[in-house]
Q: 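One structure coming up, written as structure tokens, with questions to follow.
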2 protein chains.
Amino acid sequence: MRRMTARPANTHQARLLRLLRDGGPNSRAQLGDQIDLSRSKLAVEVDRLLETGLVVADGLAASRGGRRSHNIRLAPGLRFLGVDIGATSIDVAVTNAELEVLGHLNHPMDVREGPVAVFEQVLAMAAKLRASGLAEGFDGAGIGVPGPVRFPEGVPVAPPIMPGWDGFPVREALSQELGCPVMVDNDVNLMALGEQHAGVARSVGDFLCVKIGTGIGCGIVVGGEVYRGTTGSAGDIGHIQVEPDGRACACGNRGCLEAHFSGAALARDAEDAARAGRSPELAARLDGAGKLTAVDVAAAAAAGDPTALDLIREGGNKVGQVIAGLVSFFNPGLVVIGGGVTGLGHNLLASVRTQVYRQSLPLATGNLPIVLGELGPVAGVTGAARLISDHLFSPA
Amino acid sequence: MRRMTARPANTHQARLLRLLRDGGPNSRAQLGDQIDLSRSKLAVEVDRLLETGLVVADGLAASRGGRRSHNIRLAPGLRFLGVDIGATSIDVAVTNAELEVLGHLNHPMDVREGPVAVFEQVLAMAAKLRASGLAEGFDGAGIGVPGPVRFPEGVPVAPPIMPGWDGFPVREALSQELGCPVMVDNDVNLMALGEQHAGVARSVGDFLCVKIGTGIGCGIVVGGEVYRGTTGSAGDIGHIQVEPDGRACACGNRGCLEAHFSGAALARDAEDAARAGRSPELAARLDGAGKLTAVDVAAAAAAGDPTALDLIREGGNKVGQVIAGLVSFFNPGLVVIGGGVTGLGHNLLASVRTQVYRQSLPLATGNLPIVLGELGPVAGVTGAARLISDHLFSPA
DNA sequence: CATCTTTGTCCTGAGTGTGGAGAAAGTTGG
DNA sequence: CCAACTTTCTCCACACTCAGGACAAAGATG
């Protein structure tokens, strides 16, 4: 199969490609209703796109009371690769041009093993997806990493939890290996993009997407666009202080949110409680190495264990306290909570909501939904595909 | 004098008007260097603007080694009115089309007296400025109010410190009275616009502007544009909790930033200290009613009074704590501190900086200037003029 | 005074985009 | 089965935008 070579020649073509991506196949007439162009001009641009091969006309749609329309759709062979590198695992997926996930793989891996080892794994997973017949090659790839990124260059900068990646040319290296364009971003931003494209945040212009996994981060969307900040570290809320003289944090400070609540902190607290005999439910779930995860806490809570419930409530209060501040400051139209701890579900959500609704101003909370992400592990890879498609579907 | 009737007919004309506003008089050739247009096209658009009377060609500039250029400038008779309504005083200013302040009045007044009384005062001040010969009429007016605003309609919504203004049609009423277009915004946003236009924030795309006066608010600029949030309450940081079981706040919660530090809280603390005999410097400054202001505290601190210095340091710590969180979240390129307490100067700034640099991530603070606003009371009115000129200098 | 530089104007030609006429293809009702 | 109406799509004429070059105007320089 020939890979995507052309790019839209102007903004009209770019807009058409995005309409087809987000709205699926469509007739010329329907496209005309959604874009501010005359039918004649539209036809010209569609014809040019057909010539490039980026879109195809296949078959006729059912009549709507008159002449049947030609179905215009994005080239069915286009394939994007979405990669989401977490602290403890890797997600890789293939999508079509409409960003529907055709295949998805997950592999546990510690990001601290460094870029070379991780890349090897990513490429192996991509090869596996290709071998399964889902793609003959990739037209573009998006990749998320758990740390700040200098976005234009696609290079991680001073990432606390993956020091070995500092300055590693992720974009260039992956582009070389895959032979296609690549865009790199923070994993939290990609989750936000994913939920915006296919999840709970559709049609919301300004929202926050709080991802609670091994660490805590927050994707910020302003006017439909991800906001990355001056140095690419916007949304790094894990080290906001929630307790004046709280626990020591890996960053060197005390009382950071991440030190009090996150996947890692929760697991540690649960293990302590189990060992101290404060919770038989949790103790029963200890594995051979004496370890627990957020999943265990969720299970214990579901079984009614009061200690587990307390841990979740306490954590939700801490996160809610920070989110309350962010809501007052940012006045979003929606707050999405996702990441590994989504499994804690409505117990977590309830205490977050309580804090936010109590502490923030009524005007800001009046009509503010606080919800769990609906895409789970697909959010990151969908966002990654969205990132590269946004790039490729812009004028060259 | 005839008032501004025409509006730019297209984006080119709008951009030209803004170039002339921000860069002052200019020749066609120099404008051509700053705008992406051919000389011929540019000449056409300039001619059209000359026809409308929005710009004029007056005289020839000195030669730069060849034919002398015609000076193109915005119509010299254009006048904008900038109004900044604070909690305890009103600022009104007249500017020319380049937003230079030609005249400026200040009048103490309690905003709680309600919109009717305040409007009367504002109109009297505007009339006074007009009578002094600075303007024969106004081509537009911008007005800032100390509370959230539904921006498109120009109506305050649920403003805590000025309940009588809720839903009052500020834009429509003022437009009627003045007979010119009016735009309304939060006073903090206007301060940010002012500092961006003529102050410390020139050429910074993303920054925060913290205004500490009677209350505390924060202007948010993203990509050069003010961000107002979903309901217009973005930046309302006065009620972020800084102390878990802190002081009772007027909003009904405990431990709000505003309850611990703001012009009002500082004055109260200083009065308490003076009465309790903990500070002779402050006691000496008590007025007949036993009242003090931030200015008194600044003076006492300048005289070396340890209690006053402590109050400032403590307050700076509280504000710094909140700003540190915002810096982590928003990753701005600059933080500006302004408002009534600017008089506390470098004592305040020092403790804010200490908190922020200690608590926020190095990547976010690495190259982050935290500075005092440089426009003082002119910031608000300049921002107001900028607001309305941005509106009028956009395609109709 | 000839030459060079800078500024501003005019003209042509390529491209962009609109709106209408009308053909193509289909549905509906008598 | 046919006439009338709809919807979709194509084609064409015309207006407008815009770039780039030729050229005129006005001054500096030697």
Side-chain angles (χ1 to χ4, degrees), chain A residues 6-20 23-74 394-396, chain B residues 6-20 23-74 394-396:
Chain A
R7 287 276 289 277
N10 55 41
T11 52
H12 297 318
Q13 294 186 12
R15 283 195 56 197
L16 285 171
L17 292 175
R18 292 180 191 209
L19 279 176
L20 290 170
N26 240 324
S27 69
R28 287 179 175 84
Q30 284 177 314
L31 288 172
D33 293 342
Q34 298 173 65
I35 202 173
D36 192 28
L37 276 182
S38 65
R39 280 198 306 270
S40 28
K41 179 62 180 166
L42 181 105
V44 170
E45 296 298 351
V46 169
D47 284 346
R48 289 181 190 167
L49 283 174
L50 286 168
E51 271 176 39
T52 67
L54 282 174
V55 308
V56 299
D58 61 340
L60 297 171
S63 165
R64 299 197 310 167
R67 174 174 172 175
R68 295 168 64 192
S69 62
H70 295 263
N71 245 333
I72 307 292
R73 68 169 66 214
L74 290 166
S394 342
Chain B
R7 288 275 289 277
N10 56 41
T11 52
H12 296 317
Q13 294 185 13
R15 283 195 56 197
L16 285 171
L17 292 175
R18 292 179 191 209
L19 279 177
L20 290 170
N26 240 323
S27 69
R28 288 179 174 85
Q30 284 176 315
L31 287 172
D33 294 342
Q34 298 173 65
I35 203 174
D36 194 26
L37 277 182
S38 65
R39 279 199 308 267
S40 33
K41 178 61 179 165
L42 180 107
V44 170
E45 296 297 353
V46 169
D47 285 347
R48 288 183 189 166
L49 283 174
L50 287 169
E51 272 176 38
T52 67
L54 282 174
V55 307
V56 298
D58 61 339
L60 297 172
S63 166
R64 300 196 310 166
R67 175 176 173 175
R68 292 168 66 192
S69 61
H70 295 263
N71 246 333
I72 307 292
R73 67 170 67 214
L74 290 167
S394 341

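Labels below follow one simple rule: chain letters A, B, ... track the order of the sequence lines, proteins then strands, and each chain is numbered from 1.
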Q: Measure the distance from CG on A:Asn71 to C1' on D:dC9 and round it to the nearest whole Å.
A: 14 Å
Q: Regarding D:dG20, can its base be found pairing with the side chain of B:Ser40 as donor and acceptor, where the two atoms are less than 3.5 Å apart?
A: yes
Q: In Å, rounded to the nearest 0.5 Å, how long is the span from CZ of B:Arg28 to NE2 of B:His70?
A: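 Here the interatomic distance stands at 6.0 Å.
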Q: In whole angstrom, give the distance that lies between atom CG of B:Leu42 and atom P of D:dA19.
A: 10 Å
Q: Name the closest nucleotide to the B:Arg68 side chain, picking from C:dT16, D:dG27, C:dT7.
A: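 Nearest to the side chain of B:Arg68 among the choices is D:dG27.
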Q: Would you please confirm or rule out a distance under 4.0 Å between OP1 or OP2 of C:dT16 and any side-chain N or O of A:His12?
A: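 For A:His12, the contact criterion (side-chain N or O under 4.0 Å from OP1 or OP2 of C:dT16) is not met.
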Q: Under 3.5 Å, is there any donor-acceptor pair linking the side chain of B:Arg67 to the base of C:dT6?
A: no
Q: Do the side-chain N or O atoms of A:Arg28 get closer than 4.0 angstrom to the phosphate oxygens (OP1, OP2) of D:dT7?
A: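 Looking at the OP1 and OP2 atoms of D:dT7, neither is under 4.0 Å from any side-chain N or O of A:Arg28.
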Q: Hey, which sits more toward the 5' end of DNA chain C by its nearest nucleotide, B:Arg64 or A:Arg48?
A: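 So the residue in question is B:Arg64.
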Q: Under the criterion side chain to side chain donor-acceptor pair (under 3.5 Å), which of A:Arg15, A:Gln13, A:His12 is the partner of A:Glu45?
A: A:Gln13
Q: Is a side-chain N or O of A:Arg68 found less than 3.5 angstrom from the main chain of A:Ala62, in a donor-acceptor match?
A: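 Answer holds: no.
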Q: Just how far, in rounded Å, is P of D:dT10 from CD of A:Glu45?
A: 14 Å
Q: Just to be sure I understand the rule, does B:Leu37 reach a base, reach only the sugar-phosphate, or reach nothing, if contact means heavy atoms closer than 4.0 Å?
A: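 Contact class for B:Leu37: sugar-phosphate only.
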Q: Could you pick out which residue, A:Gly65 or A:Ala43, lies toward the 5' side of DNA chain D when each is mapped onto its nearest nucleotide?
A: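 It is A:Gly65, whose closest nucleotide lies nearer the 5' terminus.
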Q: Does B:His70 or A:Asn10 map to a spot on DNA chain C nearer the 5' end, using the closest nucleotide for each?
A: B:His70
Q: Checking all strands, does A:Ser63 fall into the base, sugar-phosphate, or nothing category for heavy-atom contacts under 4.0 angstrom?
A: sugar-phosphate
Q: Inspect the surroundings of CG in B:Asp33 and state if more than 12 heavy atoms from other residues, nucleotides or ligands are less than 6.0 Å away.
A: yes
Q: How many whole angstroms separate atom NZ of A:Lys41 from atom P of D:dT17?
A: 15 Å
Q: What does A:Ser69 touch in the nucleic acid at a heavy-atom separation under 4.0 angstrom: a base, only the sugar-phosphate, or nothing?
A: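 The answer is sugar-phosphate, as A:Ser69 gets under 4.0 Å only of primed atoms, P, OP1 or OP2.
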Q: Ignoring backbone atoms, establish whether A:Arg39 has a side-chain N or O less than 4.0 Å from OP1 or OP2 of C:dT18.
A: no
Q: Out of D:dT10, D:dA19, C:dG8, which has the shortest distance to the side chain of B:Ser27?
A: C:dG8
Q: With the threshold set at 4.0 Å, does a side-chain nitrogen-carboxylate oxygen contact exist between A:Arg48 and A:Glu51?
A: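 Looking at A:Glu51 together with A:Arg48, the answer is no, because their closest N to O distance does not fall below 4.0 Å.
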Q: To the nearest angstrom, how far is A:Leu31 atom CG from D:dT7 atom P?
A: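 Rounded to the whole Å, the gap is 18 Å.
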